[in-house]
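Notes follow once the structure below has been shown.
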Amino acid sequence: MALNKKPVHGMKDIMPEEMQIRDYVISVIKETYGKFGFAPIETPCMENIENLSSKQGGENEKLIFKVLKRGAQLNLETAKTDADVVDFGMRYDLTVPLVRYYSNHANELPSPFKALQIGNVWRADRPQKGRYRQFMQCDIDILGEESNLAEIELILATTTTLGRLGFQNFEIRINDRKILKAMAAYSGFDEKDYDNVFIILDKMDKIGLEGVERELLEEGYDSTAVEKYLAFFKELNVSEDTLTFMEEKLAGILEEDVRTGFREIIESVNATKGDYFKLVFDPTLVRGMSYYTGTIFEIAMPELGARCGGGGRYDKMVGRFTGKDIPACGFSIGFERIILILLENGFKVPNSSKKVAYLIEKGISGNALCDIIAEAQKERQNGTQVLVARMNKNKKFQREQLTADGYEEIKQFYKEGLKN
C-alpha cells in the first residue's frame with residue numbers, strides 16, 4: 001500500500017516561490033524590529049498543558065493539540081479525564097510561551113525587555129483560505145514598561161515594518177479594555193456581565209448594531225441598559241471627534257489617567273507616523289483574549305477586506321507564573337495573511353544579485369567538469385547566484401522554468417563547447 005503523499009489536513013507544503021517571499025519578509029521584520037531594540041528569542045513548540053489551559057487564551061484553549069503522556073506514565077485503562085493522559089500541548093500562540101520564558105529568566109534579562117519571536121503555532125481549527133492548523137506568528141513584546149511608551153513603540157515598529165513591505169492605506173485601530181468597561185458601566189450593565197457583553201459587541205462588524213441588540217436582549221439583559229449602550233455607539237458614529245465625544249460622555253466614570261494616557265498614545269503616534277497608515281479610535285474593538293488589561297489594537301486593511309494582526313496590554317499575566325505582576329504589552333503581525341496578500345498581488349522579492357544557470361550536458365566529466373565548476377565558484381565569489389545542473393531531456397522546458405524563476409542568463413555547456 002502506497003504512503004499518503006498529501007500533507008496533514010490543515011497544514012501545507014510550501015513551494016520555493018512562496019518560501020523566498022517568506023524568507024524575505026522575515027528578513028525585513030528582523031532588521032526593522034532590530035532597529036527598535038527588539039531582541040530575538042526562541043521558545044519550545046510544546047508547553048506544559050496547565051500553562052496552555054489556564055483560562056487566559058480565550059477560545060484558543062479549545063483548539064489545543066494535546067500530547068499524550070508516554071511510557072509507564074500513560075495508562076489508558078484507568079484514565080478518566082484529560083489530566084490522566086495528557087501532560088503537554090502544542091503552543092497555540094507565542095504570548096503564553098513568552099511569559100513563561102520571561103518568568104523563568106527575568107533575573108538574566110534587561111528591564112524593560114523587548115522581545116521578538118517568530119515561530120510556528122498549532123490550533124485544531126477548521127481549515128479555510130488563509131487559515132491553517134500550523135501557521136507562523138510574529139510577535140514583538142515589551143515587558144517591564146509600565147508607561148504608554150510601550151504602546152507607542154509597538155505601534156511605530158509594526159507600522160514601519162508594514163510600510164517597508166509596501167503596504168499602504170491600512171489602519172491601526174485602537175481601544176482600551178478600561179474604556180470598554182466604562183461604557184458598559186455607563187449603560188448600566190453589571191460588572192459580572194462585562195465579558196459576555198464584550199463578546200457580543202465584538203461581532204459588530206459581522207452582525208451590525210441590530211444584531212448586537214438582538215443578541216444582548218436574547219441573553220436577558222435589561223432593555224434599558226441595552227438601549228443606552230447602543231445609543232452610545234449610534235452617537236459615536238455621527239460624531240466628528242469620536243475620542244472627545246467618548247471622553248465627555250464617560251466623564252466621572254473613566255479614570256483620568258486612562259483618558260490622558262490613551263490620548264497621549266494617539267497624539268504621539270500621529271505626530272511621528274508616515275502618511276501610509278491611519279490611527280483610528282475604534283470603541284467596538286474588543287480582541288478575544290481574556291488576558292488583555294488595557295490598550296488593545298488591531299491592523300485593518302479596508303482596501304483588502306482583511307485584518308492582519310493585533311495585540312494589547314496584559315499586565316496580569318506574568319503574575320500567574322511568579323506571583324508578582326509585571327507590566328507587559330505586545331503586538332502580533334498576521335504573518336500568514338500578509339504572505340497570502342503578497343502572493344495574490346504578484347509580489348516579487350527584490351534581488352540585488354544576478355542569477356545565472358549552468359546547464360551541463362550529460363557525459364561531460366573529468367577535467368572539463370572541474371573547469372565548469374571552478375568557473376561557477378568564481379562567479380559565486382563575485383556575488384552572483386549560480387545554479388549548476390545537468391541538462392534535462394526536455395531542454396526547452398528546463399530553460400523556461402529557469403527563466404520563470406528569475407535566472408537572467410543560462411549557460412549551456414556541451415562537449416563541443418559553451419552555448420548561451
Side-chain angles (χ1 to χ4, degrees), residues 5-33 45 58-60 63 65 90-95 116-140 154-155 157-173 202-203 205-206 276-278 280 282 285 287-289 296-312 330-351 404-406:
K5 64 183 180 182
K6 293 186 177 181
V8 172
H9 186 54
M11 301 181 185
K12 70 170 187 173
D13 297 325
I14 302 176
M15 300 299 284
E17 180 184 2
E18 179 179 340
M19 201 66 222
Q20 285 185 333
I21 294 175
R22 295 171 79 92
D23 286 344
Y24 172 74
V25 171
I26 288 173
S27 70
V28 171
I29 288 171
K30 286 183 175 180
E31 181 184 351
T32 309
Y33 285 156
C45 63
E59 291 296 305
N60 290 331
L63 306 175
F65 279 108
M90 306 296 289
R91 63 189 183 193
Y92 53 73
D93 74 0
L94 296 178
T95 305
L116 162 62
Q117 250 194 122
I118 302 175
N120 281 318
V121 300
W122 291 262
R123 295 178 189 172
D125 208 346
R126 180 180 298 173
Q128 52 187 291
K129 183 179 179 182
R131 196 180 190 96
Y132 304 100
R133 288 175 170 170
Q134 174 182 309
F135 57 96
M136 186 165 285
Q137 282 193 338
C138 173
D139 290 13
I140 49 173
L154 289 167
I155 293 171
T158 300
T159 53
T160 300
T161 300
L162 290 173
R164 285 196 60 194
L165 292 171
F167 288 95
Q168 301 283 327
N169 304 318
F170 60 92
E171 296 175 352
I172 302 296
R173 295 178 179 167
D202 199 30
K203 302 176 185 178
D205 60 340
K206 295 179 181 177
Y276 51 88
F277 77 94
K278 294 179 181 178
V280 179
D282 181 357
L285 181 63
R287 300 292 297 167
M289 297 300 193
I296 47 178
F297 20 74
E298 191 168 76
I299 305 167
M301 297 188 175
E303 293 181 353
L304 302 172
R307 295 184 180 183
C308 298
F331 208 147
S332 177
I333 285 181
F335 184 87
E336 300 291 351
R337 184 65 62 86
I338 285 171
I339 296 297
L340 181 61
I341 291 170
L342 293 175
L343 285 168
E344 289 179 341
N345 285 277
F347 178 80
K348 297 296 181 184
V349 174
N351 195 336
D405 285 342

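Residue numbers run from 1 in the order of the sequence given.
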Check: Could you walk me through whether M15 and Q20 pass the side-chain contact (heavy atoms from CB on, under 4.5 Å) check?
Finding: CA-CA 9 Å; M15 300 299 284; Q20 285 185 333; over 6 Å; no
Check: Are the side chains of Y92 and F65 in touch, meaning some heavy atoms are under 4.5 Å apart?
Finding: no
Check: E171 versus F277: any side-chain heavy-atom pair under 4.5 Å?
Finding: no
Notebook entry, point to check: By side chain to side chain contact (heavy atoms under 4.5 Å, CB included), which residues pair with E298, not counting sequence neighbours?
Noted result: L285, R287, R307
Notebook entry, point to check: Residues two or more places apart in sequence or in another chain: which of them pass side chain to side chain donor-acceptor pair (under 3.5 Å) with K12?
Noted result: E18
List the atom pairs, donor and acceptor, that lie under 3.5 Å between side-chain atoms in residues 157-167 and the rest of the protein, sequence neighbours left out.
residue : atom : partner : partner atom : Å
T158    : OG1  : L154    : O            : 2.8
T159    : OG1  : I155    : O            : 2.8
T159    : OG1  : L156    : O            : 3.2
T160    : OG1  : L156    : O            : 2.6
T161    : OG1  : A157    : O            : 2.9
R164    : NH1  : T32     : OG1          : 2.9

Notebook entry, point to check: Does the side chain of M11 come within less than 4.5 Å of K6's, by heavy atoms?
Noted result: no
Item checked: G10 to P127 - nearest heavy-atom pair and separation -> CA-CG, 3.6 Å
Checklist line | Aromatic plane relationship, Y276 with F170 - under 30° parallel, 30 to 60° tilted, over 60° perpendicular | finding: tilted
Checklist line | pair R133-L63: side-chain heavy atoms closer than 4.5 Å | finding: no
Margin query: Please report the interatomic distance CZ(R123) to CE(M90), rounded to the nearest 0.5 Å.
Written below: 13.5 Å
Notebook entry, point to check: How far apart are the closest heavy atoms of I118 and C138, and which atoms are they?
Noted result: CG1-SG, 3.8 Å
Next item on the list: Can you measure from CD (Q117) to OH (Y33) and round to the nearest 0.5 angstrom?
Entry: 13.0 Å
Note to self: side-chain contact (heavy atoms from CB on, under 4.5 Å), that's the test. Do R173 and F297 meet it? Break it down for me.
What the structure shows: CA-CA 5 Å; R173 295 178 179 167; F297 20 74; over 6 Å; no
Check: What pairs with N120 under side chain to side chain donor-acceptor pair (under 3.5 Å), at least two apart in sequence or on another chain?
Finding: none
Next item on the list: To the nearest 0.5 Å, tell me how far M301 CE sits from Q168 CD.
Entry: 10.0 Å
Note to self: To check you understand the geometry: which heavy-atom pair defines the closest contact between G119 and L94, and what is its length?
What the structure shows: N-CD1, 4.1 Å
Item checked: Within-4.5 Å side-chain heavy-atom neighbours: I26 and M136 -> yes
Next item on the list: Apply side chain to side chain contact (heavy atoms under 4.5 Å, CB included) to D23 and list each qualifying residue two or more places apart in sequence or on a separate chain.
Entry: M19
Would you mind writing out the side-chain donor-acceptor pairs for residues 338-348 within the sub-3.5 Å range, not counting sequence neighbours?
residue : atom : partner : partner atom : Å
E344    : OE2  : K129    : NZ           : 2.9
N345    : ND2  : I341    : O            : 2.7

Item checked: Beyond-backbone contact of I172 with F331, side-chain heavy atoms, under 4.5 angstrom -> yes
